[in-house]
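Proteins get letters first, then strands, A, B, ... in listed order; numbering begins at 1 in each.
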Amino acid sequence: MGKLSGLQRAVLSLYRQCIRALRDKPNDTRENFRLFVREEFRKHINVDRKDFSTIEYLLRRGHRQLDIYQDPGIRNILR
Amino acid sequence: MFRTALLRSARQAIRSAPRCQTPIARPVVRSSLFQSKHITPAAYFQAVRCYSAHAGLAKEEVEGRIMDLLKNFDKVTDTSKLNGQSHFHNDLGLDSLDTVEVVMAIEEEFSIEIPDKEADAIHSVKQAVDYILAQPDAH
């Protein structure tokens with residue numbers, strides 16, 4: 001793990017925000033959210049680090065999803 | 001505040017008292033001297049507020065809590081390499097996403113918020129321990 005690029009740091013920052021958002025979820029369903037977050041990020045773990053447009057698209061999508069799932073009304077998630 | 005002012009005026013009264021030597025003033029002076037003896041200890045105790053002492057975190061305790069946290073982290077499969085010097089990636093086989101999870105768990109454990117920039121710089125148990133020890137509000 002060498003020095004991270006700006007885009008890589010943006011991805012980690014989004015991951016961090018997602019994990020912080022988990023804390024507001026109910027105790028009994030938090031694990032479901034955690035597994036969902038992990039899976040969503042790992043799904044695209046093999047995207048080439050130089051494939052900027054894909055990464056940027058995924059980042060935007062991730063932020064949008066975070067916005068949606070952060071709503072306190074969403075109490076559980078089924079995968 | 002009010003007490004301090006009261007005390008100060010009482011002290012000034014004592015100090016200025018010997019200058020006016022009129023017999024009438026004497027008993028007044030004496031009584032204020034008498035009073036100030038009582039006020040002084042009371043004000044003294046008032047001034048010392050007893051907040052619970054900040055114990056601070058010992059290095060061993062911080063290290064122990066971080067190690068426990070890593071032991072319970074499902075991505076750490078080989079705990080034999082887990083010690084105070086372990087590197088998250090080289091020793092524990094965690095990738096950058098796992099490292100983020102570990103650092104976030106540390107954040108939660110010590111009730112602090114680690115800014116992105118500093119969080120990105122934590123790659124080993126030792127770095128995490130040093131960071132926590134440098135945080136006055138970690139507990």
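Residues B:E101 and A:V37 have side chains not in contact (no heavy-atom distance under 4.5 Å, counting atoms from C-beta outward). Residues B:E107 and A:R23 are in side-chain contact: their nearest non-hydrogen atoms beyond the backbone lie under 4.5 Å apart.
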Notebook entry, point to check: Taking it one step at a time, do B:T99 and A:L12 satisfy side-chain contact (heavy atoms from CB on, under 4.5 Å)?
Noted result: CA-CA 10 Å; B:T99 303; A:L12 292 185; over 6 Å; no

Margin query: Quick one, B:D95 with A:R42, criterion salt bridge (charged side-chain N to carboxylate O under 4.0 Å, His left out). Give me CA distance, side-chain angles, the key distance, then yes/no.
Written below: CA-CA 11 Å; B:D95 64 16; A:R42 301 240 171 236; 2.5 Å; yes

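When heavy atoms are compared at a cutoff of 4.5 Å, A:I45 approaches chain B solely by way of its side chain, counted from C-beta outward.
Hydrophobic cluster membership is shared by A:L4 and A:L7, with clusters built from Ile, Leu, Val, Met, Phe, Trp and Tyr side chains linked at under 4.5 angstrom. Linking ILVMFWY side-chain heavy atoms closer than 4.5 Å, directly or via other members, places B:L94 and A:L35 in two distinct hydrophobic clusters.
Tested against B:D120, the residues A:K3, A:R16, A:R9 include a single side-chain hydrogen bond (donor to acceptor under 3.5 Å, both in side chains) partner, A:R16.
Contact check on A:R20 versus B:E108 returns no salt bridge, with no Lys/Arg side-chain nitrogen under 4.0 Å from an Asp/Glu carboxylate oxygen.
B:L97 approaches A:Y15 most closely through the heavy-atom pair O-CE2, 3.1 Å.
Inspection of non-hydrogen atoms places B:F73, B:D74, B:K75 of residues 60-76 of chain B under 4.5 Å from chain A.
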